[in-house]
Protein chains: 2
Amino acid sequence: MIKRRTQDERSTETRRLLQEATVRSLMEVGYANTSTSEIARRAGVSRGAQTHHYPGKMDLIVAATEYMFRNFADQLEALGSDLRAGRLDYDSFFDALWEEMQHGDWFYSSLEIIVAARGDEELRQHLEPLIMVLHARFEATWLRSFEATDPEGLGPRPVMNLVMNVFRGMAVQAVLRPEPRYFEEIMHVLKTMIAAHLRPRTRAATPVPAPPRP
Amino acid sequence: MIKRRTQDERSTETRRLLQEATVRSLMEVGYANTSTSEIARRAGVSRGAQTHHYPGKMDLIVAATEYMFRNFADQLEALGSDLRAGRLDYDSFFDALWEEMQHGDWFYSSLEIIVAARGDEELRQHLEPLIMVLHARFEATWLRSFEATDPEGLGPRPVMNLVMNVFRGMAVQAVLRPEPRYFEEIMHVLKTMIAAHLRPRTRAATPVPAPPRP
DNA sequence: ATCAACAAACGTACAGACCTGCTTTTAACT
DNA sequence: AGTTAAAAGCAGGTCTGTACGTTTGTTGAT
């Protein structure tokens, strides 16, 4: 009745459980209140198993970050693909992206880690390459999905960086401001400004995008 | 040789030392590594004096936050005043604001606190009113300093919120990205986009703002 | 194919460090 | 003198890193 697994399967599973538990813990109680024992408890593995795979707290955090970044880049890629295929229109793309940042796992757990890294040189050095990889994937998706309306004007890449930073800032604000009105206004301003410089590269025969579903 | 001070002066001085030390500690080592003993050591007061004025860690954090927010709002007010008086032009105003966020005490210590508040209901409730007061002051300064180019178009208030969120996002990014090029590009995009909708209310004779330099 | 020997994965327990809040004393001011 | 501010020390709790024992899977010689 006992399922037999190879060593590799056991390791992979345990690592995955720990990575997911770490992300969940960062999301729910933040970096400061995330302890290694708490993570082991959440993951349902013993503290010994944990230290076997990840000797120190930092190893755990870095592994979890890598896992989480990969997931988010995949999701963004999916959104971009929906936009290009005409399954999402311009407006809905931004709404979906903002929704994902606000309520998905990604933003707040990465925020916790980034803030923690500010005071921890070693952690920062481990994280820097991960962030760069993530942003390279963002950029690739974005450039596939948007083009400049005016070749002489602002290009898609700097505009993307602006957009991502607006969302980052908004998500930070959202911690202490519950008013949806505030964010709707900003979204409106952002969409208006962007629309003057970029348009989506849809593959659809008709360049008219489908209307957003309510 | 011992200077005689009233009780009130002694209290005020000790409180100020503790508030400043708290902000410095948040800046340098982050919320997670900020301990009450460390703060007392930095402030040069005993732990007893500390607990006398601020019984718990939260009281200390809240007081320091209030102190710091007040300072930042004052600085922003000064920048706005410089802009209106023509001592700063459009471009330099944004550059100065970004410089202040990046290298001043304000942003990163508030970031630490906001992030900590995400996982701490009580702290969040103490902070929310402080943030609202701060933003009301931002808004007042901003509305005194900018007006819409087109009365039918985007108003100064929503645009300000966009700008502040861009800066917030950029400052978070700056933790892990040292490249000034990245930020210069975004600043350029931001200035270009804003210039289409707002102009400074200078008291100077010529109301024409300088165009952003590439 | 079997079984012993080895290695990897996992479980339990503990020691040292640190941090917070509280209590008791001493000093300063009114 | 009496009250408030400041200093010093202690108690309880938590967290991290580590040591050591146990189980599970792998290997290879017979």
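Any value given below was found using the heavy atoms of this structure, including those in side chains, with hydrogens, waters and symmetry copies removed. Note on naming: letters A, B, ... go to the chains in the order of the sequence lines (proteins, then strands), and numbering restarts at 1 for each one.
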In B/S/- notation (B base, S sugar-phosphate only, - none; protein heavy atoms under 4.0 Å), nucleotides 9-22 of chain C written 5' to 3' is BSBB------SBB-
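Here the C1' atom of nucleotide C:dA8 and the CD atom of A:Glu13 are 17 Å apart, to the nearest Å. In this structure, A:Ile61 places its CD1 atom 14 Å from P of D:dC15, rounding to the nearest Å.
In terms of heavy-atom proximity, A:Leu18 sits nearest to A:Leu60 at CB-CD1, 4.1 Å.
Residues from residues 112-125 of chain B placing a heavy atom under 4.0 Å of any atom in DNA chain D do not occur.
For B:Arg24, the salt bridge (Lys or Arg N to Asp or Glu O under 4.0 Å) test picks out no residue, with sequence neighbours left out. With sequence neighbours excluded, the residues that form a side-chain hydrogen bond (donor to acceptor under 3.5 Å, both in side chains) with A:Ser25 are A:Thr34. Shown here are the side chain to side chain contact (heavy atoms under 4.5 Å, CB included) partners of A:Met27, two or more places apart in sequence or in another chain: A:Asp105, A:Tyr108, A:Ser109. Residues passing the side-chain hydrogen bond (donor to acceptor under 3.5 Å, both in side chains) test with B:Arg144, sequence neighbours excluded: B:Glu77. For A:Glu13, the side chain to side chain contact (heavy atoms under 4.5 Å, CB included) criterion is met by A:Arg5, A:Arg16, A:Leu17, not counting sequence neighbours.
For residues 42-51 of chain B, the pairs satisfying side-chain hydrogen bond (donor to acceptor under 3.5 Å, both in side chains) are B:Glu28-B:Arg42, B:Thr36-B:Arg47, B:Glu38-B:Arg42, B:Arg47-B:Gln50, with sequence neighbours left out. Residue pairs meeting the salt bridge (charged side-chain N to carboxylate O under 4.0 Å, His left out) criterion with at least one member in residues 114-127 of chain B, sequence neighbours excluded, are A:Glu112-B:Arg118, B:Glu121-B:Arg124. The list of salt bridge (charged side-chain N to carboxylate O under 4.0 Å, His left out) pairs with a residue in residues 57-67 of chain B, not counting sequence neighbours, is empty.
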Side-chain donor-acceptor pairs of residues 158-167 of chain A under 3.5 Å, sequence neighbours excluded:
| unit_1 | atom_1 | unit_2 | atom_2 | d |
| --- | --- | --- | --- | --- |
| A:Asn165 | OD1 | A:Arg168 | NE | 3.2 |
| A:Asn165 | OD1 | B:Met170 | N | 3.4 |
| A:Asn165 | ND2 | A:Asn161 | O | 2.9 |
| A:Asn165 | ND2 | B:Tyr182 | OH | 3.3 |

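With the end axes of the helix from C:dA1-D:dT30 to C:dT30-D:dA1 each set by five pairs, the angle from one to the other reads 10° at 10° resolution.
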